[in-house]
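For reference, the structure is listed below as structure tokens.
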Amino acid sequence: FNLTFNFNHPGVKELFKLIPLRVLTLSLTELQNLALGFFATSIGNLSFVVIKLALRLMAIPIRLFGVPISQASLPFLSQESSSYKKDRFKKLVLQSVNQIAFLAFPASVLLLILRIPIVRLVFGAHNFPWQKTLMTGKAVAIISLSVGAQAMVQLLIRAFHALKDTLTPFLIIATTVLSYLIFSWIFVFRLNSDVLGIAWATTIVAFIELALFLVFLERKVVNLFFEKTFILKQIKIITSSFLMAVFLYLPFKIFDELIFDTTKTVELLALTITTSTIGLVVYLYFSALFDVEELSYFLKMINRFGSWKKALSETKEVVIDSGSDRDDI
């Protein structure tokens, strides 16, 4: 290996060809953040604080599940994108999208049902006014509906990058930002909505963005998403998440009103952990009942992490005497 600066290398040329549109795409995202500040402060400074806090909570499951899986998939997608039939590329995209959906949808349900306890635990119960807590909880409930969509977009945009296409994501993001400006303007200045209008605009635009990425990636890689297998898997995951929400809401209400004193931080934490555990158990139960394939993937992964004890127990133990014999060595 030696150090060279060969700007005529095909890979270097392709890199500089892809950079400008990618930079413009990131710039559009920042434009949407500026628009958020404009519309929120037009309602009131308190609205800006509330929507920013709600977006921070929404970003947690996306950064936990959507971004890591997408980043891990990118080099493998790039490797398989050059194949003629792209069969492996299709399989990796579908597998990654399904895994993200399997993790993101229950996280969305937890945010939706446990929005008030989560807001109070994250931002504090004593220093955060109750009215602001309620408003933030309502915004979180609306935005949580889009967690799955925004998490899957993290993978889809990288699928285009793996195909050396930065133009299509740029056009989709441009359309998304324009839609966000239109919907936010309608909610704020025409319907005279409060911060919840901006939350609805965020959620609606997230589903528009997901639909556009699915449609255009389907056109680029034929027979990818609009097939029975993919649709059936998504229906199973969504149904399991819906049943999780149903069985989570009842014990949450009972524990909240009859058992736990949520004015105390410890009991608020206990309420959140208890009801979350019940909800996740229900989700795993119905996932197993509906034979969701992604469940078996994660169980195998957990078993691999748990196999270290078995490996250690089977390893022959070697004892070295550190006593007087050491002097003879």
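Here the structure is a predicted model, which is why all the values come from computation and not from measurement.
Crowding of Phe189 atom CZ: a count of heavy atoms from other residues, nucleotides or ligands under 6.0 Å exceeding 12. Around atom NZ of Lys17, no more than 12 heavy atoms belonging to other residues, nucleotides or ligands sit under 6.0 Å away. The local environment of CZ in Phe226 is crowded, with over 12 non-hydrogen atoms from other residues, nucleotides or ligands closer than 6.0 Å.
For the pair Leu121/Thr272, a side-chain contact is recorded, criterion being any heavy-atom separation below 4.5 Å from C-beta on. Between Phe286 and Leu289, some side-chain heavy-atom pair lies under the 4.5 Å cut-off. Val49 has its side chain out of reach of Thr136: every pair of non-hydrogen atoms, C-beta onward, lies at least 4.5 Å apart. Contact of the Thr166 side chain with the Phe160 side chain is not registered, since no non-hydrogen atoms from C-beta on lie closer than 4.5 Å. Ser193 is not listed as a side-chain neighbour of Val188, based on a closest heavy-atom distance of 4.5 Å or more. Annotation: side chain of Ser73 is not in contact with side chain of Leu92 (no heavy-atom distance under 4.5 Å). Within the 4.5 Å cutoff, the side chain of Met135 has heavy atoms near those of the Leu196 side chain. Proximity of Ile278 to Val281: side-chain heavy atoms (C-beta onward) are nowhere separated by under 4.5 Å.
In this structure, Phe247 is a member of the same hydrophobic cluster as Leu112, with clusters built from ILVMFWY side-chain heavy atoms closer than 4.5 Å. Under the 4.5 Å side-chain heavy-atom criterion for ILVMFWY residues, no single connected hydrophobic cluster contains both Ile157 and Leu26. A single hydrophobic cluster is not seen to contain both Val97 and Tyr297; linkage of ILVMFWY side chains at heavy-atom distances under 4.5 Å, directly or through other members, places them apart. Hydrophobic cluster membership is shared by Ile208 and Met58, with clusters built from Ile, Leu, Val, Met, Phe, Trp and Tyr side chains linked at under 4.5 angstrom. In this structure, Val12 is a member of the same hydrophobic cluster as Ile19, with clusters built from ILVMFWY side-chain heavy atoms closer than 4.5 Å.
Checked against ring-ring contact (aromatic ring centres under 6.0 Å, His included), Tyr283 has the following partners two or more places apart in sequence or in another chain: Phe102. Under the ring-ring contact (aromatic ring centres under 6.0 Å, His included) criterion, Phe187 pairs with no residue at all, not counting sequence neighbours. Phe65 meets the ring-ring contact (aromatic ring centres under 6.0 Å, His included) test with no other residue; sequence neighbours excluded. Scored by the side chain to side chain donor-acceptor pair (under 3.5 Å) test, Lys52 finds no partners at all (sequence neighbours excluded).
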Just distance, no hydrogens or angles: give the donor-acceptor pairs under 3.5 Å from side chains in residues 228-246, sequence neighbours left out.
from, atom 1, to, atom 2, distance (Å)
Lys233, NZ, Glu293, OE1, 2.7
Gln234, NE2, Asn98, OD1, 2.8
Lys236, NZ, Phe290, O, 3.1
Thr239, OG1, Ile235, O, 2.6
Ser240, OG, Lys236, O, 2.9
Ser241, OG, Ile237, O, 2.9

Distance-only check: which donor-acceptor pairs under 3.5 Å involve side-chain atoms of residues 144-155, not counting sequence neighbours?
from, atom 1, to, atom 2, distance (Å)
Ser144, OG, Val140, O, 3.2
Ser144, OG, Ala141, O, 2.7
Ser146, OG, Ile143, O, 2.7
Ser146, OG, Gln150, NE2, 3.1
Gln154, OE1, Arg158, NH1, 3.4

Give the C-alpha distance, both sets of side-chain angles, the deciding distance and a yes or no for side-chain contact (heavy atoms from CB on, under 4.5 Å) between Thr203 and Phe207. CA-CA 7 Å; Thr203 298; Phe207 283 104; 3.7 Å; yes
Checklist line | side-chain contact (heavy atoms from CB on, under 4.5 Å) assessment of Phe213 paired with Thr168 | finding: CA-CA 9 Å; Phe213 270 109; Thr168 304; over 6 Å; no
Test Val67 against Gln71 for side-chain contact (heavy atoms from CB on, under 4.5 Å), laying out the working first. CA-CA 6 Å; Val67 174; Gln71 289 178 340; 3.5 Å; yes
Exercise. Check the pair Leu163 / Val221 against side-chain contact (heavy atoms from CB on, under 4.5 Å), numbers first and verdict last.
Key: CA-CA 10 Å; Leu163 294 170; Val221 183; 4.0 Å; yes
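Residues Glu209 and Ile172 come closest through the heavy atom pair O-CG2, 4.3 Å. Residue Thr274 comes nearest to Ala270 through the heavy atom pair OG1-O, 2.7 Å, listed as atom of the first residue, atom of the second, then distance. For Ala54 against Ala139, the heavy-atom pair with the smallest separation is CB-CB, 3.8 Å. Of all the heavy atoms in Leu110 and Ile118, the pair that sits closest is O-CD1, 3.9 Å.
No side-chain donor-acceptor contact under 3.5 Å links Arg120 to the backbone of Pro117. Judged purely by atom type and a 3.5 angstrom limit, Ser96 has no side-chain atom pairing as donor or acceptor with the backbone of Val93.
The OG1 atom of Thr133 sits 9.5 Å away from atom CG of Leu53, with the distance rounded to the nearest 0.5 Å.
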